[in-house]
Participant: 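This is the structure I have questions about; it appears just below.
Throughout, protein chains are lettered first and strands after them, A, B, ... in sequence-line order, and every chain is numbered starting at 1. Everything numeric here is computed off the predicted structure, so don't read it as measured data. Both backbone and side-chain heavy atoms feed into the values below; hydrogens, waters and symmetry mates do not.
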Number of protein chains: 2
Amino acid sequence: MSKNGNISSSVIKRLPRYYRFLGELEKQGVERISSRELSEKMKLTASQIRQDLNCFGGFGQQGYGYQVQSLREEIGHILGVDKAYSTILIGAGNLGKAIALHINFETRGCQLTGIFDANPRLTGETVGSLAIRHTDEIEEFCKAEHPVIAVLCIPKANTQAIADKLVGLGIRSFWNFSHYDLTIDHQGIEVENVHLGDSLLTLTYRTSHLKDSEEE
Amino acid sequence: MSKNGNISSSVIKRLPRYYRFLGELEKQGVERISSRELSEKMKLTASQIRQDLNCFGGFGQQGYGYQVQSLREEIGHILGVDKAYSTILIGAGNLGKAIALHINFETRGCQLTGIFDANPRLTGETVGSLAIRHTDEIEEFCKAEHPVIAVLCIPKANTQAIADKLVGLGIRSFWNFSHYDLTIDHQGIEVENVHLGDSLLTLTYRTSHLKDSEEE
DNA sequence: TAGATTGTTAATCGATTAACAATC
DNA sequence: TAGATTGTTAATCGATTAACAATC
């Protein structure tokens with residue numbers, strides 16, 4: 001069904017957004033949509049939408065547009081929402097707990113199976129439906145459960161060492177929230193660095209450069 | 001000091017990362033660095049670094065490189081780390097609390113001055129050094145304190161309405177964590193949408209397309 | 001001075017937009 | 001059939017990289 005070839009990373013970054021908008025439309029009972037209509041909602045050009053969707057195959061019908069439901073399903077399938085990658089979270093501080101509780105892993109092809117923290121006082125405390133385990137148990141857990149994705153909510157000083165160890169234990173992808181740019185040399189390991197601080201700082205930049213606030 | 005002109009948004013997005021790396025180098029006691037050395041650490045081309053830094057002015061010295069400390073200070077100043085924009089946070093659920101506690105607002109030109117939640121049971125509870133207020137108090141608070149930035153950690157259904165109201169109360173920038181693409185029509189309002197779910201979903205995509213795991 | 005490295009211009013690459021023939 | 005809208009190719013735009021003269 002999908003043409004594939006080599007999809008540019010900018011297209012891939014837009015895919016979850018298409019998926020969300022189509023989900024919204026589906027909820028509203030919209031059955032078909034043209035690239036022009038969708039472009040108005042998403043503030044993209046219709047050209048770009050057609051170009052993007054065509055990377056993967058001809059999902060539309062000429063003269064008609066796109067079937068909302070089936071297009072959403074196709075994109076979801078491409079993204080992998082129907083997977084169930086076993087996922088562990090390391091670091092059950094404020095942010096770790098919030099991520100565990102706030103993110104719907106299941107609808108994104110992941111299944112949170114373990115939460116770990118180095119602080120023994122947290123061991124046994126539950127977060128959602130999972131009990132926090134001590135980090136000493138990670139190795140055993142990985143050998144038994146073979147998690148594929150690790151969410152890192154730990155201080156930056158430990159990040160690289162822990163990630164390297166996890167690679168040895170079979171982790172193939174990292175969702176990294178520590179204030180550290182994780183890089184893994186091993187082939188075939190994926191890293192998604194999330195820098196919330198950077199995000200805020202660009203907002204500060206734009207706030208201080210607003211047209212009507214030329215200060216200095 | 002800065003040339004300015006019109007800086008492309010891709011350069012601006014890289015600025016906080018430069019700032020972090022230079023901070024790290026400064027901590028390590030490194031005094032000077034060449035674009036080539038920095039390019040190796042940051043996995044960029046030396047060309048791009050020189051190109052980026054030159055948008056703002058000649059921070060380097062030919063034959064020598066860049067002074068780490070002063071370059072960092074310059075970039076920090078451009079980003080606005082020395083501002084103190086009064087910032088409010090709406091929605092003190094798991095994520096809201098974690099953001100309030102986990103993000104160092106001060107080092108990013110912001111000052112968290114108020115936390116609000118619609119749930120009256122949370123009113124009075126403290127998060128860090130701030131007591132949660134009821135959302136009914138937002139209007140009064142804004143009229144007295146004139147906050148500039150709002151962090152939105154609220155359900156997507158309410159986001160647009162609350163944001164519109166906040167614009168009327170003087171908020172000029174939004175850091176939006178709700179699962180909703182906030183758009184503001186008013187001129188001169190900045191929005192930074194953070195979609196953590198999208199970030200995870202692209203990681204799921206890449207996990208399912210790893211070279212060694214061609215499944216179907 | 002010779003060596004190093006920037007600032008800056010030119011060349012390349014990739015992504016976005018425009019246009020239109022194909023087709024439902 | 002006529003009208004609408006896609007799929008796809010060509011044109012444009014912008015961002016990255018390469019090259020090198022300027023200069024510390």
Participant: Can you see whether Thr207(B) engages Glu190(A) through a side-chain donor-acceptor pair at a distance of less than 3.5 angstrom?
Facilitator: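 No, Glu190(A) and Thr207(B) have no side-chain donor paired with an acceptor closer than 3.5 Å.
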
Participant: I need the CZ-P distance between Arg32(A) and dA4(D), as an integer number of Å.
Facilitator: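 The distance from CZ of Arg32(A) to P of dA4(D) comes to 11 Å, rounded to the nearest Å.
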
Participant: Could you state the atom-to-atom distance from CG of Leu53(A) to C1' of dT8(D) in whole Å?
Facilitator: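 After rounding, the reported distance stands at 14 Å.
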
Participant: Mind pulling the stems DNA chain C is in, i.e. runs of at least three Watson-Crick or G-U pairs, everything under 3.5 Å?
Facilitator: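 Stem list for DNA chain C: C:3-24 with D:3-24.
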
Participant: Check DNA chain C against residues 8-26 of chain A and give the residues with a non-hydrogen atom under 4.0 Å, in numerical order.
Facilitator: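 Result for residues 8-26 of chain A: Ser8(A), Ser10(A), Arg14(A), sorted by number.
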
Participant: Residues two or more places apart in sequence or in another chain: which of them pass side chain to side chain donor-acceptor pair (under 3.5 Å) with Glu31(A)?
Facilitator: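 So Glu31(A) forms no side chain to side chain donor-acceptor pair (under 3.5 Å) with any residue.
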
Participant: Taking only nitrogen or oxygen atoms into account, show me every contact under 3.5 Å that the protein makes with nucleotides 10-13 of chain C, one pair per line with its distance.
Facilitator:
none

Participant: Reading nucleotides 19-24 of chain D 5' to 3', which nucleotides get B (base under 4.0 Å from a protein heavy atom), which S (sugar-phosphate only), which -?
Facilitator: BB-BBB

Participant: Are Glu37(A) and Lys41(A) close enough for a salt bridge, meaning some N to O gap below 4.0 Å?
Facilitator: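 A salt bridge is absent here (no side-chain N lies under 4.0 Å from a carboxylate O).
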
Participant: Grab the CD-P distance between Glu37(B) and dT5(C) for me, whole Å please.
Facilitator: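 Taking atom P of dT5(C) as the reference, CD of Glu37(B) is at 7 Å.
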
Participant: Under a plain distance cut-off of 3.5 Å, with no hydrogens placed, do Thr45(B) and Ser47(B) share a side-chain donor-acceptor pair?
Facilitator: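 Note: Ser47(B) and Thr45(B) side chains miss the donor-acceptor criterion.
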
Participant: Side chains of Thr113(B) and Ser86(B): is there a donor and an acceptor less than 3.5 Å apart?
Facilitator: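 Yes - a donor-acceptor pair under 3.5 Å links their side chains.
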
Participant: Given side chains that start at C-beta, do those of Leu89(B) and Trp175(B) come closer than 4.5 Å, heavy atoms only?
Facilitator: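 Leu89(B) does not reach Trp175(B) side chain to side chain.
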
Participant: Expressed in angstrom and rounded to an integer, what is the separation of Gln67(A) atom CD from dT5(D) atom C1'?
Facilitator: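 About 14 Å, once rounded to whole Å.
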
Participant: Find the distance Asn54(B):CG to dT6(C):P and express it as a whole number of Å.
Facilitator: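 Asn54(B) atom CG is separated from dT6(C) atom P by 10 Å.
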
Participant: Answer yes if the side chains of Asn193(A) and Asp181(A) hold a donor-acceptor pair under 3.5 Å, and no otherwise.
Facilitator: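 There is no such pair between these side chains.
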
Participant: Between Glu24(A) and Arg20(A), does any side-chain N to carboxylate O distance fall below 4.0 Å?
Facilitator: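 Salt bridge between Glu24(A) and Arg20(A), a charged N being under 4.0 Å from a carboxylate O: no.
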
Participant: For dT6(D), take OP1 and OP2 only and decide whether either is under 4.0 Å from a side-chain N or O of Ser35(A).
Facilitator: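 Yes.
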
Participant: What class does the angle between the rings of Tyr205(B) and His209(B) fall in, given that below 30° is parallel, 30 to 60° is tilted and above 60° is perpendicular?
Facilitator: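 Answer is parallel, since the angle falls under 30°.
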
Participant: Determine the sole option in Arg72(A), Gln67(A), Glu73(A) for which the side chain to side chain donor-acceptor pair (under 3.5 Å) test with Gln69(A) is passed.
Facilitator: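 Testing Gln69(A) for a side chain to side chain donor-acceptor pair (under 3.5 Å) against Arg72(A), Gln67(A), Glu73(A) leaves exactly one candidate, Glu73(A).
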
Participant: So Leu71(B) and Ile33(B), do their side chains get closer than 4.5 Å, heavy atoms only?
Facilitator: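 Contact flag for Ile33(B)/Leu71(B) side chains = no.
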
Participant: Can you measure Leu44(B) atom CG to dT17(D) atom P for me and round it to whole angstrom units?
Facilitator: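 Answer to the nearest Å: 8 Å.
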
Participant: Under the salt bridge (charged side-chain N to carboxylate O under 4.0 Å, His left out) rule, what pairs show up with a residue in residues 90-115 of chain A, not counting sequence neighbours?
Facilitator: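 Checked against salt bridge (charged side-chain N to carboxylate O under 4.0 Å, His left out) - neighbours excluded - the pairs reaching residues 90-115 of chain A are Lys97(A)-Glu125(A).
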
Participant: Nearest whole angstrom, please: distance from the P of dT16(D) to the CD1 of Ile49(B).
Facilitator: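 One finds 12 Å between P of dT16(D) and CD1 of Ile49(B), rounded.
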
Participant: What is the distance, rounded to the nearest whole Å, between atom CD of Gln48(B) and atom C1' of dG14(D)?
Facilitator: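 About 13 Å, once rounded to whole Å.
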
Participant: Between Gln160(B) (side chain) and Thr183(B) (backbone), is there a donor-acceptor pair under 3.5 Å?
Facilitator: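 Side chain of Gln160(B) to backbone of Thr183(B): a pair is present.
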
Participant: Are Arg32(B) and Tyr64(B) in a cation-pi contact, defined as NZ or CZ under 6.0 Å from the six-membered ring centre and within 45° of the axis?
Facilitator: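 Checked: cation-pi criterion met.
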
